[in-house]
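All residue numbers in this chain count up from 1 along the given sequence.
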Amino acid sequence: MKKIVLIATYFGSLPCNFGIWLKSAEKNESIDFMLYSDCDIKDYEPLPKNVRIIHIEFNKIKALFEKCFDFDIVLDSPYKFCDYKPAYGLAFEKDIAGYDYWGHVDIDAVLGNIRKFLPERDYEKIYQTGHLTLYRNTAENNRRFMLDGGRLGYKEVFTSDRICVFDEAGGMQEKYECLGIPTYISRDYADITKRSVRFTLSQTFMETSNKPVVNYNEQIFYYENGGVFRDYFKNGKLYTNEFNYIHFSSRKPQDFTEGAESFYITSDGFFPKEGETTPEIIEKYNPYRPELDAAEAKRWAKDDKKKKIKNLVRRIKEKI
């Protein structure tokens, strides 16, 4: 069995779903997790055996990355770390020694049975999202982010204060494709869109995955027996999908599970699972309200337009 370690960085105050994330990480007992953080985790101790916290201040971890390069980098906020995820294999080289694969993982998620979805064939890179991507742990592969190929170069990214999304499809995935290195990009995860009140799947990366994205009026996501699932009704019949994890960025779901091992994952929080899925359960926890979803989508579209204008103005100023 390949040895795998997944790495996360988080600074400030831990999110309210951290206990849920820890529980789901613990169930992945054949995978190790490393969290580099300055957060106080005493309320969550003792930690699962496969989860290790590396206590480090933000300025010190920035200095660790600076030592990797012969030029001045820009890393002024924890959010900018998303662009540095492809460099984790280099910056944390000593900590990940002995593992066959390392990966970066986000904690605004509930993890399912990750290993169940990994391909049997060995790839240099598995998946293409910021919330979970794995790399084969070799000296050569850990430095491939430095190679030419694709629209984004690492020096350009690491010297910019903009979020370039270097860790995702337009960055590292495009680079590996330009280099002719086979990757595995199956859409095995449930990424919840920000543009809907209820929990629905995002269309992101739909064009580069072999799995289509389909939502249903009656659907609900939940965690059970170490797995992440979606139940949905189609033509009156109940169906079930399983995912390797569910990611819900820009949301802060509260934990109302009271220690329950099986729970619903909703926009209003995590709630103990009540048994078999019925239309009434879905109406209670993830109701279909198209008018609310349309209003939310409109709000996000307005925000996106403002950001595009702001970025355009900045690019014009940079050229002057």
* To do: Determine whether Pro78 and Phe58 make a side-chain contact, defined as any pair of heavy atoms from C-beta on separated by less than 4.5 Å.
  => yes
* Between the main-chain N or O of Phe158 and the side-chain N or O of Tyr84, is there a donor-acceptor pair closer than 3.5 Å? -> yes
* **Lys273 charged N/C atom sitting above Phe263 aromatic ring, 6.0 Å / 45°** => no
* More than 12 heavy atoms of other groups within 6.0 Å of Glu29 CD -> no
* What is the distance from atom OH of Tyr127 to atom CG of Leu132, rounded to the nearest 0.5 Å? -> 7.0 Å
* **Close side-chain approach of Tyr264 to Phe199, heavy-atom, < 4.5 Å** => no
* Start with the C-alpha gap between Asp40 and Leu14, add the side-chain angles, then the distance that decides, and say whether side chain to side chain contact (heavy atoms under 4.5 Å, CB included) holds. => CA-CA 8 Å; Asp40 182 358; Leu14 288 169; over 6 Å; no
* May I ask you to check whether over 12 heavy atoms, not counting those of Lys27, lie within 6.0 Å of atom NZ? => no
* Looking only at non-hydrogen atoms, find the nearest pair between Glu258 and Asp255 and report the distance. => N-OD1, 4.3 Å
* **Donor + acceptor pair across side chains of Asn142, Trp102 (<3.5 Å)** => yes
* Worked verdict on Met34 versus Asp95 for side chain to side chain contact (heavy atoms under 4.5 Å, CB included) -> CA-CA 9 Å; Met34 292 182 184; Asp95 292 340; 4.1 Å; yes
* Report yes or no: is the cationic atom of Arg230 (NZ for Lys, CZ for Arg) closer than 6.0 Å to the six-membered ring centre of Tyr232, at no more than 45° off its axis? => yes
* Could you grab the distance from atom NZ of Lys49 to atom CG of Asp32, nearest 0.5 Å is fine? => 12.5 Å
* Would you find a donor on one side and an acceptor on the other, under 3.5 Å apart, between the side chain of Ser24 and the backbone of Gly112? -> no
* Salt bridge between Glu93 and Arg143, side-chain N to carboxylate O under 4.0 Å? -> yes
* Report yes if the side chains of Glu242 and Val228 come closer than 4.5 Å at any heavy-atom pair, otherwise no. => no
* **Asp122/Lys2 under side chain to side chain contact (heavy atoms under 4.5 Å, CB included): CA gap, chis, key distance, verdict** => CA-CA 10 Å; Asp122 289 334; Lys2 301 294 184 182; 3.4 Å; yes
* side chain to side chain donor-acceptor pair (under 3.5 Å) assessment of Tyr222 paired with Thr277 -> CA-CA 10 Å; Tyr222 60 94; Thr277 299; 5.1 Å; no
* side chain to side chain donor-acceptor pair (under 3.5 Å) between Thr183 and Gln173, worked out -> CA-CA 8 Å; Thr183 61; Gln173 181 58 34; 2.8 Å; yes
* Connected via hydrophobic side-chain network under 4.5 Å: Tyr223 and Phe256 -> no
* **Test side chain to side chain donor-acceptor pair (under 3.5 Å) applied to Trp21 and Asp108, step by step** => CA-CA 8 Å; Trp21 182 86; Asp108 52 351; over 6 Å; no
* Asked: Would you say the side-chain atoms of Asn141 pair up with the backbone N or O of Glu124, donor to acceptor, closer than 3.5 Å?
  -> yes
* To do: State plainly whether the residues Glu283 and Arg289 are in salt-bridge range, i.e. N to O under 4.0 Å.
  => yes
* Which atom of Lys3 lies closest to which atom of Gly98, heavy atoms considered -> CD-O, 3.7 Å
* Does Asn59 CG have over 12 foreign heavy atoms under 6.0 Å away? -> yes
* With no hydrogens and no angle check, is any side-chain donor or acceptor of Asp268 less than 3.5 Å from a backbone partner on Gln254? -> no
* Do Leu6 and Ile31 come close enough that some side-chain heavy atom pair is under 4.5 Å? -> yes
* Flag if over 12 foreign heavy atoms under 6.0 Å of CD, Glu45 -> yes
* Asked: Are Leu35 and Ile114 connected, step by step, through hydrophobic side chains (Ile, Leu, Val, Met, Phe, Trp, Tyr) whose heavy atoms are closer than 4.5 Å?
  -> yes
* **Where Gly170 and Leu152 come nearest, the two heavy atoms and their spacing** => O-CD1, 3.9 Å
* Donor-acceptor contact below 3.5 Å, side chain Asn137 vs main chain Tyr99 -> yes
* **Tyr88 to Thr9 - nearest heavy-atom pair and separation** => OH-OG1, 3.1 Å
* 4.5 Å side-chain heavy-atom contact, Val110 and Phe248 -> yes
* Asked: Is a side-chain donor or acceptor of Asn286 paired with a backbone partner of Tyr288 at a separation under 3.5 angstrom?
  -> no
* Asked: For residues Asp231 and Thr240, is any side-chain donor paired with an opposing acceptor at under 3.5 Å?
  -> yes
* Common cluster, Phe166/Phe71, ILVMFWY with side-chain heavy-atom separation under 4.5 Å -> yes
* To do: Calculate, to the nearest 0.5 Å, the distance between atoms NE2 and CD belonging to His131 and Glu168 respectively.
  => 6.0 Å
* **Test: Asp83 and Arg162 ion pair at under 4.0 Å** => no
* **Main-chain N/O of Tyr216 paired to Gln219 side chain as donor or acceptor, under 3.5 Å** => yes
* Asked: How many angstroms lie between atom NZ of Lys116 and atom CG of Asn244, to the nearest 0.5 angstrom?
  -> 11.0 Å
* Going from OG on Ser262 to CZ on Phe271, what distance comes out if it is rounded to the nearest 0.5 angstrom? -> 15.5 Å
* To do: Would you indicate whether the side-chain heavy atoms of Ile192 and Phe221 approach each other to under 4.5 Å?
  => yes
* Parallel, tilted or perpendicular: ring planes of Tyr36 versus Phe92, cut at 30 and 60 degrees -> parallel
* Single-linkage hydrophobic cluster, 4.5 Å side-chain cutoff, Phe18 and Val105 together -> yes
* Tell me, do Leu179 and Leu147 make a side-chain contact under 4.5 Å, heavy atoms counted? -> yes
* To do: Would you verify whether the NZ or CZ of Arg121 falls within 45 degrees of the ring axis of Tyr123 while also being under 6.0 Å from that six-membered ring's centre?
  => yes
* Heavy atoms, side chains only, cut-off 4.5 Å: are His55 and Ile41 in contact? -> yes
* If you look at every heavy atom in Ile163 and Cys82, which pair is closest and at what distance? -> CG2-SG, 3.4 Å
* With no hydrogens and no angle check, is any side-chain donor or acceptor of Asp191 less than 3.5 Å from a backbone partner on Leu201? -> no
* **Nearest-0.5 Å distance that lies between atom OG1 in Thr200 and atom CZ in Arg195** => 11.0 Å
* Say whether, by atom type as modelled, one donor and one acceptor occur between the side chain of Glu261 and the main chain of Glu224 under 3.5 angstrom. => no
* Salt-bridge test for Glu140 and Arg144: reply yes if a basic N is under 4.0 Å from a carboxylate O, no otherwise. => yes
* Linking I/L/V/M/F/W/Y whenever any side-chain heavy atoms sit under 4.5 Å apart, do Val165 and Tyr154 land together? -> no
* Any sub-3.5 Å donor-acceptor pair from Lys175's side-chain atoms to Gly150's backbone N or O? -> no
* Return the minimal non-hydrogen interatomic distance between Gly130 and His104, and the atom names on each side. => O-ND1, 3.1 Å
* Asked: Under 6.0 Å from the OH atom of Tyr79, do we count more than 12 heavy atoms belonging to anything else shown?
  -> no
* Asked: Stepwise, does the side chain to side chain donor-acceptor pair (under 3.5 Å) test hold for Glu274 with Tyr285?
  -> CA-CA 11 Å; Glu274 299 178 8; Tyr285 290 105; 2.4 Å; yes
